[in-house]
Amino acid sequence: MAKKKNVNEMSFLHHLEDLRWLLVRSSVAIILMAFVTYFFSGFIFDNIIFGPTDPNFITYRFFCELAQTIGITGDICVKELPFIIQNTSMEGQINTFIWTCITAGFILAFPYILYELWKFISPALYEKEKKNALGFIVISSLLFFLGVIFGYFIIVPLSINFVATFSVSSVVKNEFNLDSYIGMIKTSVIAAGLFFELPVIIYFLTKLGLVGPNFLRKYRKYAILILLIIAAIVTPPDVVSQITVAIPMLLIYEASIWISVFVENKKMKDEQIS
């Protein structure tokens with residue numbers, strides 16, 4: 001009994017050590033990528049971070065042309081964004097610069113972080129599953145980057161347009177804090193990227209037996225309701241914007257259900273063969 005306990009304790013400590021080095025190597029990769037983004041910081045801030053503050057930003061033009069094409073009337077075209085961005089603390093711009101580089105470093109280092117994660121969980125997988133490392137990293141990275149792109153080109157500009165044009169009174173002028181503006185962009189982009197990882201997460205949860213297609217179907221209506229509420233919150237009060245945000249999120253959820261079905265059917269076939 002004592003010998004078995006010691007083996008279990010050593011195994012647990014070994015996993016903790018592996019997890020510690022996973023976090024260390026991932027942090028180093030993020031810092032290195034953050035250092036790389038330093039050399040492109042001018043372009044990142046002027047063209048990417050503050051790009052959606054321009055009424056001629058590609059997303060605004062796309063929705064304007066789309067609304068005109070399908071015959072939707074109303075003031076959907078963005079003519080101006082009546083707000084300014086200000087810095088109210090002495091170290092505000094320095095902190096913003098550092099954390100923006102770190103966020104960009106995390107996005108760029110994400111495939112390597114997935115590689116480290118795969119190395120950590122691979123001992124618990126079957127031999128043939130370990131051979132799928134490249135597919136896991138490629139698919140997960142593509143989903144994450146698609147989510148980042150969706151967050152930046154859809155959620156961010158629609159959110160900026162909504163908060164910039166919303167006013168309780170003409171007396172109040174919109175002067176957004178730099179930290180608030182950057183924080184909204186980082187949250188929208190990273191959250192969208194991680195949400196697009198849902199099919200991968202469901203894949204592993206189904207393999208572990210923690211969720212299944214019946215569970216996902218049972219709570220589908222609640223998931224749809226939550227996604228529609230999110231779409232309504234982050235978009236202006238017009239149908240085109242809300243549908244544009246909601247549809248990809250609903251498709252991701254439906255894809256997760258089909259992936260869960262595939263994994264469960266495969267598990268049943270393997271059990272029958274064995």
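No more than 12 heavy atoms of other residues, nucleotides or ligands lie within 6.0 Å of CD1 in Ile58, so this atom counts as exposed by the packing criterion.
Under the 4.5 Å side-chain criterion, counting only non-hydrogen atoms from C-beta, Leu227 is in contact with Phe195. Counting only heavy atoms from C-beta outward, the side chains of Phe153 and Phe62 never approach each other to under 4.5 Å. Side-chain contact check for Glu254 versus Met249: every heavy-atom pair is 4.5 Å or farther apart. Residues Ile259 and Thr206 form no side-chain contact, since every pair of their non-hydrogen atoms from C-beta on lies 4.5 Å or further apart. Counting heavy atoms from C-beta on, the side chains of Phe83 and Thr53 come closer than 4.5 Å. Using a 4.5 Å heavy-atom threshold, the side chains of Ile107 and Ile190 count as touching. Counting heavy atoms from C-beta outward, Pro52 and Tyr152 have side chains that approach closer than 4.5 Å.
Judged by distance alone, the side chain of Asn87 and the main-chain N or O of Leu178 form no donor-acceptor pair under 3.5 Å. Not a single donor-acceptor pair under 3.5 Å links the side chain of Tyr115 to the backbone N or O of Leu134. The main-chain N or O of Lys186 is never found under 3.5 Å from a side-chain atom of Thr103 such that the two would form a donor-acceptor pair. Remark: side-chain polar atoms of Tyr60 are paired, donor with acceptor, to backbone N or O of Pro157 under 3.5 angstrom. One N or O on the side chain of Thr37 and one on the backbone of Ala34 form a donor-acceptor pair closer than 3.5 Å.
Note on Ile102: it clusters hydrophobically with Val148, by side-chain heavy-atom contacts below 4.5 Å among ILVMFWY residues. By the rule that hydrophobic residues join a cluster once side-chain heavy atoms approach within less than 4.5 Å of another member, Leu108 and Trp99 end up as members of one cluster. Criterion: ILVMFWY side-chain heavy atoms under 4.5 Å apart, direct or through other members. Under it, Ile226 and Ile202 are part of a common hydrophobic cluster. Hydrophobic clustering keeps Leu23 apart from Leu32 (ILVMFWY residues linked when any side-chain heavy atoms are closer than 4.5 Å, directly or through intermediates). Two different hydrophobic clusters hold Ile201 and Trp258 under the rule that ILVMFWY side chains link at heavy-atom gaps under 4.5 Å.
For residues 16-70, every residue pair satisfying the disulfide (SG to SG under 2.5 Å) rule, not counting sequence neighbours, is listed here: Cys64-Cys77.
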| message | Under the criterion side-chain contact (heavy atoms from CB on, under 4.5 Å), I'd like the reasoning laid out for Phe176 against Ile84: C-alpha separation, chi angles, the key distance, then a yes or no. | response | CA-CA 6 Å; Phe176 301 139; Ile84 65 171; over 6 Å; no
| request: Kindly indicate, with the supporting measurements, whether the criterion side-chain contact (heavy atoms from CB on, under 4.5 Å) is fulfilled by Val163 and Ser159. | output: CA-CA 6 Å; Val163 298; Ser159 299; 5.6 Å; no
| Would Arg217 and Val261 satisfy side-chain contact (heavy atoms from CB on, under 4.5 Å), going step by step from the backbone distance to the final call? | CA-CA 11 Å; Arg217 291 192 183 106; Val261 170; 3.4 Å; yes
| field | Verdict with reasoning, Phe45 to Thr96, per side-chain contact (heavy atoms from CB on, under 4.5 Å) | value | CA-CA 10 Å; Phe45 278 96; Thr96 296; 4.2 Å; yes
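The minimum heavy-atom distance linking Phe97 with Ser41 is given by the pair CE1-CB, 3.4 Å. Across all non-hydrogen atoms, the minimal contact from Ser141 to Leu114 is OG-CD1, 3.4 Å. Between Leu228 and Ala246, the shortest heavy-atom contact is CD2-CB, 3.9 Å. In terms of heavy atoms, Glu80 sits closest to Pro55 at CA-CG, 3.9 Å. Across every non-hydrogen atom of Val172 and Val168, the tightest pair is CG2-CG2, 4.1 Å. A pairwise comparison of heavy atoms in Gly212 and Ser260 identifies C-OG, 3.3 Å as the closest pair.
Atom-to-atom distance recorded for Thr88:OG1 and Asn177:CG is 4.0 Å, nearest 0.5 angstrom. Distance check: Glu197 CD to Leu194 CG gives 7.0 Å after rounding to the nearest 0.5 Å. How far CD of Gln93 is from OG1 of Thr100: 11.0 Å, rounded to the nearest 0.5 Å. Note that CG of Leu225 is 4.0 Å distant from CD1 of Ile229, once rounded to the nearest 0.5 Å. Interatomic distance, Glu116 CD to Leu19 CG, rounded to the nearest 0.5 Å: 11.0 Å. Here OG of Ser180 is found 10.5 Å from CD of Gln86. Values are rounded to the nearest 0.5 Å.
Residue Phe196 forms a ring pair (Phe, Tyr, Trp, His ring centres under 6.0 Å) with just one option from Phe150, Phe145, Phe144, Tyr253, and that option is Phe150.
The aromatic ring centres of Phe50 and Tyr181 sit less than 6.0 Å apart. For Phe204 and Phe136, the distance between ring centers is under 6.0 angstrom.
Between Tyr219 and Phe215, the angle of the ring planes lies from 30° to 60°, which puts this pair in the tilted group.
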